[in-house]
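Report on the structure given below.
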Amino acid sequence: MRPGPVGSAVVHRSVRVTLSASVGFYVFLYGLHQPVAALYALFTPIALGLLSTIPGSGPRQARITLRTLPFGLALVALGTALAQSTAAAVAGMLVVGFLLSFSVVAGPRAAGPAPGLQLLYILACFPPYAPETLGGRLTGVAVGVVLLALCHAYLLRGPPAISFRDLLADALESGAVATAEPDRVPVATLRELSEGMRLSRVAPGERPTGPGRGDRALGQAGAAARRILDQLASQSELSASEGVPLGTDPASAVLRARVAGTCADMASALRTGRPPPPADLLRKEIQRFQADRIRRAADPGEQGVDSRVLRRQAAVLTLAESAWIAVTAVGVAAAGRRGSPLSPRDLFWYVDLSTASLWGRRIAGNATHRSVWFQNAVRVACGLAFARLVAGTLDLAHGFWVLLTVLTLARTTVGATWRAVREAVAGNLVGAVAAGVLLIAVGRHLDAYAVLLVPGMLIAFALGPRLGVAWAQGLFTLVVALAFAQIAPTTWRLSEARLVDVVTGSVIGLLCGLLAWPAGARREVRRTMASLLRSCGELVPATVEALLEAPAADPCAPPTRATLHHLRLAEAAYAQFRSEPPAAWEGAQADWHGVLVVAYHTVLGAQRLPCFEVPLADVPPEACAWARRTAAELTTDVDRIALHLRTEKCHGPGRRPCAPPLPWHHPGLPTLVDLEVWLTAMDHQLRRIEASLAVRP
């Protein structure tokens, strides 16, 4: 059977790691007679090529691998110095383990090599304390990194991953065509393109998740592009159901044409590197469109405008606002900094901050026990430090295997850790028996071990990831035996020592799983989603008041930065929750994705309505009362649902229906229609969330 794309990638990686590891190992051991350098030249490609997940392919993987060289050398030097005492090594393990695990806040490109760097420090911080071997260790690491980078660059390179800029350009091109000619792009295609823009569908190395200005701007542009596609799909479905073409009135047609041209120009700029079109042109068109809606609604000759027309105009307006956010964000990503004042400022809060400030905000925002990234870093660091203490205190032979077991088998839930531990112990038991038989049968025939090592690594690194933890651990035990038998005289007791160390590391990993957030992201996703909903609830009345009370000369959106902070924490918890193995209670969980949808909807409305709409003047009392009453009811419902999410208990009465729509003939009606559309959509989304809470296991 031919391997699929994933299988091919695993086989190619196995070949690259095997070649880079074996070349350095054989040259140092048999050519230069330097066993220390040979050991590090062997384990460095395994650590960075197999244990790490370096994003990208070919040259990008080579560049990232080479960038890890200074860090690898520094960690090996630090580990060698701290190996003098168990206390120093444990303290170093605690600090290094936390920092490397917490590096995930910098995005996958920075965090990908972290597990491999952990292994290099682990290997160096164990006895014997031999500072005189530091030169050989550093030489082996440097050669291993260079060989692995060369293999990444020139050997069995896979197809390059599609960049996020290209994905964004494809989405905007399709959006331009669908805006100009709605019948040319099927709804299913628009939905498919929107789903393809989800970060979970993007190659890890291409995801714009870093804390810098460019990544934040590209991420914001991607979210806006997804909204454009979804809005176009929804408008096409609505047009088909009503039998009315989109953009039939002249003003809507002009605005749609401007949106189509802007999307096409953005796509061209992303592909060619040219500056994107000025965002001010689209913004002025939006303001003219909305001012014309207000003027026509206030004109006595225009009374009796069909509410469906006003709603279709509102849909065109929201489409244009999404395009304005996209073109502004693309401009920020291209220029690095803004060239003119941006409004609303809260929407682009990151533009004027320095890179150091943005990094500080990302780190400070996750330096809380509510962050799953912080929780995982603490769990891994404590487990590794405790394992180093046990291995050093009990003077375990090859004690670094204890830490390697903790590093590779630790999971975010105690149940998942237990399943991995069971498979690992079983695989190591079989592998230890096989390795013991091999060592007894072959004895000290080094040429036999040298011949068997390369095919052993190829098989272990190709089949282990595909067949599961048990196979991976068992085959790796054989590889370890073949390698160590060439470095020093070895007996079958090497297999015994590895089995003891693996069992010890497994017990430590289980203890950490029991004591440190054993439920993984389940409890945290409830807390963060509840906090996110409460923050959204506070924005609703604030947005209504901003529309009702804001002066026409200087409309200002309510601050949304706190909600965006809660949104980032909730997204991280949700991402980990979905990456964990399903449990029996998962079917009873709330619609977490629906909560994120509510958050996006609320934040975007709070940012755009007061700043893009014409502020209301001389609003009839019944309209003010309707808006404030609806906002208060939604806030009450949000708070009740948030309490239900946090405590898993129902609190208070069930849903009340949203207030009825406004009367249709008031001065300033279009703005009120847009507000009603926003509130009603939020009400419908809350209904779906509360319906999911009624499900019982």
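Between Ile228 and Cys263, the shortest heavy-atom distance links the atoms CD1-SG, 4.2 Å. Ala562 and Ser535 make their closest contact through C-OG, 4.1 Å (heavy atoms, listed as atom of the first residue, atom of the second, distance). Between Val104 and Trp373, the closest heavy-atom pair is CG1-CG, 3.5 Å. Ala178 and Leu190 make their closest contact through CB-CD2, 4.0 Å (heavy atoms, listed as atom of the first residue, atom of the second, distance). A pairwise comparison of heavy atoms in Tyr350 and Leu358 identifies CB-CD2, 3.7 Å as the closest pair. Residues Ala599 and Cys536 come closest through the heavy atom pair CA-SG, 3.6 Å.
Proximity of a side-chain donor or acceptor of Arg256 to a complementary backbone N or O of Val316 within less than 3.5 Å is not detected. At distances below 3.5 Å, at least one donor-acceptor pair connects side-chain atoms of Arg526 with backbone N or O atoms of Leu645. In this structure, the side chain of His601 engages the main chain of Trp678 through a donor-acceptor pair within 3.5 Å. One N or O on the side chain of Asp215 and one on the backbone of Gly210 form a donor-acceptor pair closer than 3.5 Å. Side-chain N or O atoms of Gln220 include none that pairs as donor or acceptor with a backbone N or O of Ala326 at under 3.5 Å. In terms of modelled atom types and a separation under 3.5 Å, the side chain of Thr189 and the main chain of Val185 share no donor-acceptor contact. Between the side chain of Ser322 and the backbone N or O of Thr318 there is at least one donor-acceptor pair closer than 3.5 Å. With hydrogens and angles ignored, the 3.5 Å screen pairs no side-chain donor or acceptor of Ser252 with any backbone N or O of Gln313.
Proximity of Glu538 to Thr635: side-chain heavy atoms (C-beta onward) are nowhere separated by under 4.5 Å. Using a 4.5 Å cut-off on side-chain heavy atoms (C-beta onward), His369 and Glu524 make no contact.
A side-chain N or O of Ser354 and one of Ser357 form a donor-acceptor pair less than 3.5 Å apart. For the residue pair Arg226 and Gln231, no side-chain donor N or O sits within less than 3.5 Å of a side-chain acceptor on the partner. In the model, Ser163 has a side-chain atom that pairs as donor or acceptor with a side-chain atom of Asp166 under 3.5 Å.
The side chain to side chain contact (heavy atoms under 4.5 Å, CB included) with Leu282 is formed by just one residue from the set Thr262, Ile325, Thr328; it is Thr262. The only member of Thr630, Leu634, Leu675 that meets side chain to side chain contact (heavy atoms under 4.5 Å, CB included) when paired with Val544 is Leu675.
Atom CD of Glu195 has more than 12 heavy atoms from other residues, nucleotides or ligands within 6.0 Å. Environment of CD1 in Ile162: sparse, with no more than 12 heavy atoms of neighbouring residues, nucleotides or ligands closer than 6.0 Å.
Using a 4.0 Å cut-off between charged side-chain N and carboxylate O, Arg191 and Asp230 make a salt bridge. With respect to Arg640 and Glu690, a salt bridge is recorded, a charged nitrogen being found less than 4.0 Å from a carboxylate O. With respect to the salt-bridge test (charged N to carboxylate O, under 4.0 angstrom), the residues Arg283 and Asp280 do not qualify. At a threshold of 4.0 Å, the pair Arg271-Glu173 counts as salt-bridged, since one of the basic side-chain nitrogens sits closer than that to a carboxylate oxygen.
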For this session: Walk me through it: do Glu545 and Arg628 pass the test salt bridge (charged side-chain N to carboxylate O under 4.0 Å, His left out)?
Result: CA-CA 8 Å; Glu545 294 301 324; Arg628 291 189 171 105; 2.6 Å; yes
For this session: Check the pair Phe374 / Thr368 against side chain to side chain contact (heavy atoms under 4.5 Å, CB included), numbers first and verdict last.
Result: CA-CA 7 Å; Phe374 181 85; Thr368 166; 5.9 Å; no
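For Arg288, the salt bridge (Lys or Arg N to Asp or Glu O under 4.0 Å) partners are Glu285, not counting sequence neighbours.
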